[in-house]
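All remarks here apply to the structure that follows.
Numbered from 1 within each chain, the chains take letters A, B, ... in sequence-line order.
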There are 2 protein chains.
Amino acid sequence: MQDKITRLFKAIADPTRRDIFHALVIATSALSITQISNQFEMTRQGVTKHIKTLEEAGLVYINSQGRERFCNANPKELQDLNKWMKFYEQFWDDKLSSLGDYLDEKS
Amino acid sequence: MQDKITRLFKAIADPTRRDIFHALVIATSALSITQISNQFEMTRQGVTKHIKTLEEAGLVYINSQGRERFCNANPKELQDLNKWMKFYEQFWDDKLSSLGDYLDEKS
DNA sequence: TAATTTAGCAACCATAAAGTTGCATATTAA
DNA sequence: TTAATATGCAACTTTATGGTTGCTAAATTA
């Protein structure tokens, strides 16, 4: 369907998903779907959909226990985005001169 | 409408826009809309729309000259995304212990 | 001045995305 | 075993997104 980096970017491009992700990151333990839902003004099913998107992007993984599904954040996955951006860092200050440096390095 | 960080994330979440952005970054000079369009299998109007999205995110700025509009990449804008991610870096290795460190720093 | 080129704007289309309601099912508690 | 809780699934609605076609207008070139 989509490549990994696109899934990642799209997952965190939604503000609600960033909030959910954030809540999971700073949580001191895994949170169930209901526990997460209670923190948001949205139906549980709405939250579930977002969780699924985050999960498919690798940003969240789930641990089922009985009838509950405990969600954990996996911020490490953001490294891929960092890597993507890394390339453009060299162009931050002065585009042309940095491009020169980049080309020099390659030669 | 949307906040800046969301606009940025959404802009680069689309693979075609990432390609356009990339083309502009590595270009040795500003490119007109037509010049960009020629590099993609899409109508000029389609490209124009993407450029507009990139422009609204601050990732591209335009220099009009006569009937032409020369587009430049502004990769510096990605710094904001970097800053957003920075917070989560501390959770990359060991979530719980890193959170501890973070809380320690704040106290 | 006539023809060509560059581009914007508007309308349209198809699909995806964000969120809802309603219902079924499995697990846990009384 | 009955009631309550946690969740998934499906259908539906609304709005956003990615892309198209067709037309218009301004700037260049012949």
Side-chain angles (χ1 to χ4, degrees), chain A residues 1-24 27 29-73, chain B residues 1-24 27 29-73:
Chain A
M1 165 228 193
Q2 288 174 146
D3 58 36
K4 193 181 179 186
I5 195 96
T6 300
R7 268 200 304 272
L8 264 173
F9 270 129
K10 291 211 164 171
I12 54 165
D14 183 86
T16 306
R17 276 195 294 270
R18 283 202 301 279
D19 287 347
I20 293 176
F21 177 68
H22 190 85
L24 287 174
S29 67
L31 300 177
S32 72
I33 301 282
T34 306
Q35 286 175 322
I36 299 170
S37 306
N38 290 340
Q39 299 188 34
F40 295 87
E41 310 224 318
M42 193 190 304
T43 59
R44 175 181 52 78
Q45 289 89 335
V47 171
T48 299
K49 276 197 177 183
H50 284 306
I51 295 281
K52 199 186 165 198
T53 304
L54 288 166
E55 196 190 4
E56 284 169 352
L59 289 167
V60 160
Y61 60 95
I62 299 179
N63 219 305
S64 292
Q65 235 167 291
R67 64 182 162 185
E68 286 167 298
R69 300 184 70 215
F70 291 102
C71 305
N72 305 271
Chain B
M1 163 229 195
Q2 289 175 144
D3 59 36
K4 193 182 179 186
I5 195 98
T6 301
R7 268 199 305 271
L8 263 173
F9 270 129
K10 290 210 166 172
I12 53 165
D14 182 84
T16 306
R17 276 194 294 270
R18 282 202 303 279
D19 286 348
I20 292 176
F21 176 68
H22 190 85
L24 287 174
S29 67
L31 300 178
S32 72
I33 302 282
T34 307
Q35 285 175 322
I36 300 169
S37 305
N38 290 339
Q39 298 187 35
F40 294 87
E41 310 224 318
M42 193 189 307
T43 59
R44 175 180 53 80
Q45 289 88 334
V47 170
T48 298
K49 276 198 176 184
H50 284 307
I51 295 279
K52 198 186 167 199
T53 304
L54 289 167
E55 195 190 3
E56 284 169 353
L59 289 167
V60 159
Y61 60 95
I62 299 180
N63 219 303
S64 292
Q65 235 167 291
R67 65 183 162 184
E68 286 167 297
R69 299 183 72 216
F70 291 102
C71 305
N72 306 272

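When all heavy atoms are compared, the tightest approach of B:T6 to A:A13 is CG2-O, 3.4 Å. Smallest separation of non-hydrogen atoms from A:T16 and A:F40: O-CE2, 4.5 Å. Nearest heavy-atom pair across A:F70 and A:S32 is CD2-N, 3.7 Å. Of all heavy-atom pairs between B:K10 and B:R17, the closest is O-NH2, 3.1 Å. The two atoms that bring B:Q39 and B:L31 nearest to each other are NE2-CD1, 3.8 Å, heavy atoms only.
When each of C:dG22, D:dT17, C:dG19 is scored by its nearest atom to the side-chain atoms of A:Q45, the top-ranked nucleotide is C:dG22. Here the nucleotide nearest the side chain of A:T43, chosen from C:dA7, C:dT21, D:dG18, is C:dT21. With C:dT28, C:dA17, C:dT20 as the choices, the nucleotide that has an atom nearest any side-chain atom of A:R67 turns out to be C:dT28. Nearest to the side-chain atoms of B:T16 among the listed nucleotides D:dG19, C:dA7, D:dA6 stands D:dG19. Checking D:dG19, D:dT7, C:dA17 against every side-chain atom of A:Q2, the shortest atom distance belongs to C:dA17.
In this structure, A:K49 reaches the bases: a heavy-atom distance under 4.0 Å links it to at least one base atom across the strands shown. Residue contacts for A:G46: at a heavy-atom cut-off of 4.0 Å it reaches a base atom on one of the strands shown. Note on A:T53: nothing from the nucleic acid sits closer than 4.0 angstrom, heavy atoms only.
In this structure, CZ of B:R7 is placed 16 Å from C1' of D:dA16, rounded to the nearest angstrom. Rounded to an integer number of Å, the gap from CZ of A:R18 to C1' of C:dA18 is 15 Å. Atom P of nucleotide C:dC9 and atom CD1 of B:I51 are separated by 14 Å, given to the nearest angstrom. In this structure, the CE atom of A:M42 is 8 Å from the C1' atom of C:dA18, given to the nearest Å. When the P atom of C:dA18 is taken as reference, atom CZ of A:R44 falls 19 Å away, rounded to whole Å. At whole-Å resolution of the value, CG in A:D14 and C1' in C:dG19 are 11 Å apart. Per the geometry, CZ belonging to A:F9 stands 19 Å off C1' belonging to C:dA17, to the nearest Å. Taking atom CD1 of A:I33 as the reference point, atom C1' of C:dT27 lies 16 Å away to the nearest angstrom.
Taking for each of B:F70 and A:R17 the nucleotide of DNA chain C with the nearest heavy atom, the 5'-most of the two is the partner of B:F70.
B:T34 has a side-chain polar atom (N or O) that falls below the 4.0 Å cut-off from OP1 or OP2 of C:dA7. In this model, the phosphate group of C:dA17 is not approached by any side-chain N or O of A:H50 to a distance below 4.0 Å at OP1 or OP2.
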